[in-house]
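Okay, so here's the structure we're looking at.
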Amino acid sequence: MSDSLLYIVSTPIGNLGDITPRALEVLRRVDVIAAEDTRHSRRLMNHFGIDTPLIPCHDFNERQQAQSIIHRMCQGGSVALISDAGTPLISDPGFFLVRSVREAGFTVVPVPGACAFVAALSVSGLPTDRFCFEGFLPAKGAARRKRLESLATFPATWGVYESPHRIMELMTDLVAVIGPERYIAVAREITKTFETVLVGTVAEVLVTMSEDSNQQRGEFVVLVEGYKESAADIIVPQVSKMLVRLLEDLPIKKAAAIVSDLTGVRKKDLYELGMQIRCGD
Ligand code: SAM
């Protein structure tokens, strides 16, 4: 295939049956496939009997590789970009390459397919008329909380990608920042054997996940219902925040009593919330 095109090709996020016939055809016919991790992608290509040469294109060499790919395209070559899973550029490398190839005057062609965020959104039951993809939150506590705080009043569905070792921390942060009552969907291992989509209030989903450690394993997309302005929405995040802070120094009973005195929220409800927060620690 010598047509000087760059194809952005989606690959499966678990179930290999999700590769499209068009993706296979393009991957077979291009001169070279730029892959985030060539060893990982070689296994995928072997599975489909594709022997197109692979070159690495990841966060650490994307700038150099963009120049060499443009050079190849100047000579009439065609290239496909793939990532380890799903759609390239969606929390994956490729932005710099696409921008550079376009600036060099070449056409970039999408070969669409799986994307974990869109798959999760489509089954979540949360509004899809408007939504915001936030990618991965910052890894460190304070920066994570700050980003979540900036999303707390976003008026449409929003969502993030999360890894298994930070999922419970995220759930606890959600209780603290947006309160226990907001609707969320936690989609886990989409298209894989242990696919699960938990839907409910933050508190309900947190309890389910705390009670079953299997629900803390795998890859996650966490979606959150948009903010709807009401008196409860204004009060609850502040109350939760106060409780989370006091729980750092006090037993649940004492922390719940103080927050109840200060806010008028029922002690029993605060105690339950305190238990949920502690379970998620
Ligand atoms: N480009 C990919 C896409 O189109 O979805 C996303 C790549 S990003 C580096 C990987 C993250 O996507 C994972 O940490 C997880 O949050 C999410 N993810 C990928 N596959 C998933 C799956 N099968 N189920 C749930 N989340 C998944």
Side-chain angles (χ1 to χ4, degrees), residues 6-20 22-23 26-27 33-41 43-44 47 56-62 80-98 108-126 128 131-140 144 147-148 151 157-171 173-174 184-199 205 208-209 212-224:
L6 171 63
Y7 296 89
I8 306 302
V9 181
S10 301
T11 56
I13 54 170
N15 187 326
L16 297 185
D18 289 337
I19 192 100
T20 68
R22 182 165 170 244
V26 167
L27 292 171
I33 299 170
E36 187 183 3
D37 175 344
T38 51
R39 280 211 328 214
H40 172 94
S41 294
R43 285 196 292 276
L44 186 72
H47 177 86
C57 184
H58 45 68
D59 286 340
F60 305 104
N61 75 349
E62 194 178 336
L81 174 71
I82 60 175
S83 60
D84 287 353
T87 302
L89 282 85
I90 307 302
S91 288
D92 269 339
F95 166 70
F96 185 84
L97 175 65
V98 169
V108 184
V109 180
V111 182
C115 172
F117 185 81
V118 174
L121 185 65
S122 70
V123 295
S124 67
L126 296 176
T128 53
F131 57 85
C132 176
F133 171 60
E134 280 290 317
F136 286 99
L137 293 171
K140 293 272 174 342
R144 277 164 78 78
R147 175 79 68 80
L148 283 175
L151 290 165
T157 302
W158 54 273
V160 296
Y161 283 160
E162 193 52 278
S163 66
H165 59 277
R166 276 197 281 265
I167 187 68
M168 292 313 281
E169 191 190 330
L170 173 62
M171 294 301 296
D173 283 349
L174 282 177
I184 63 167
V186 176
R188 180 176 81 96
E189 296 288 90
I190 302 166
T191 78
K192 301 187 202 175
T193 311
F194 297 108
E195 176 181 281
T196 327
V197 183
L198 299 176
V199 180
V205 175
T208 306
M209 294 178 74
D212 178 1
S213 61
N214 286 325
Q215 294 298 336
Q216 302 168 22
R217 300 207 172 101
E219 298 193 279
F220 294 89
V221 181
V222 178
L223 296 164
V224 180

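What you see is a predicted model, and the numbers here were worked out from it, not measured in a lab. Start at 1 with the first residue, then count along the sequence. In listed order, ligands and their atoms are each counted from 1.
The shortest contact between atom 15 (C) of ligand 1 and any protein heavy atom is with F220 O, 3.5 Å. Atom 3 (C) of ligand 1 has Y161 OH, 3.5 Å as its closest protein atom, hydrogens excluded (heavy atom only). Remark: minimum distance from atom 20 (N) of ligand 1 to any protein heavy atom is reached at E219 OE1, 3.3 Å. In this structure, atom 22 (C) of ligand 1 lies nearest to the protein heavy atom I190 N, 3.5 Å. Of the protein's non-hydrogen atoms, T87 N, 2.8 Å is the one closest to atom 4 (O) of ligand 1. Of the protein's non-hydrogen atoms, the one nearest atom 7 (C) of ligand 1 is D92 OD2, 3.4 Å. Here the heavy atom of the protein found nearest to atom 14 (O) of ligand 1 is F136 CZ, 3.4 Å.
Closest approach of N214 to R188, counting heavy atoms only: O-NH1, 2.8 Å. Here the closest non-hydrogen pair linking I167 and Q216 is CG2-O, 3.9 Å. The shortest non-hydrogen separation linking I13 to C115 is CD1-C, 4.5 Å. Counting all heavy atoms, side chain and backbone alike, A34 lies closest to C57 at CB-CB, 3.8 Å. When all heavy atoms of Q215 and M209 are compared, the pair lying nearest together is O-CE, 3.4 Å. The two atoms that bring A185 and S124 nearest to each other are CB-CB, 3.7 Å, heavy atoms only.
Here atom 9 (C) of ligand 1 lies nearest to S91 when heavy atoms of A119, A116, S91 are compared. Closest to atom 2 (C) of ligand 1 by heavy atom, among P88, A85, A114, is A85.
Heavy-atom contacts of E189 reach the following atoms of ligand 1: 23 (N), 24 (N), 25 (C) (cutoff under 4.0 Å). Atom numbering of ligand 1 starts at 1 in the shown order; those under 4.0 Å from a heavy atom of G86 are 3 (C), 4 (O). Under a 4.0 Å criterion applied to the non-hydrogen atoms of K192, ligand 1 contributes the atoms 23 (N). Taking a cut-off of under 4.0 Å to the non-hydrogen atoms of E162, the atoms of ligand 1 that pass are 16 (O).
Every N/O-N/O distance between C115 and ligand 1 stays at or above 3.5 Å. For ligand 1, the polar-atom distance check finds an N/O of I90 within less than 3.5 Å of one of the ligand's N/O atoms.
Under the side-chain contact (heavy atoms from CB on, under 4.5 Å) test applied with V160, the options L148, L223, L170 reduce to a single match, L170. With S10 as the fixed residue, the side-chain contact (heavy atoms from CB on, under 4.5 Å) test singles out one of V111, I82, T87: T87.
Using cut-offs of 30° and 60° on the angle between ring planes, the pair F131 and F117 is tilted.
Separating the CG atom in L174 from the CE atom in M168 is a distance of 11.0 Å, to the nearest 0.5 Å.
When non-hydrogen atoms are compared, ligand 1 lies under 4.0 Å from neither the backbone nor the side chain of E195.
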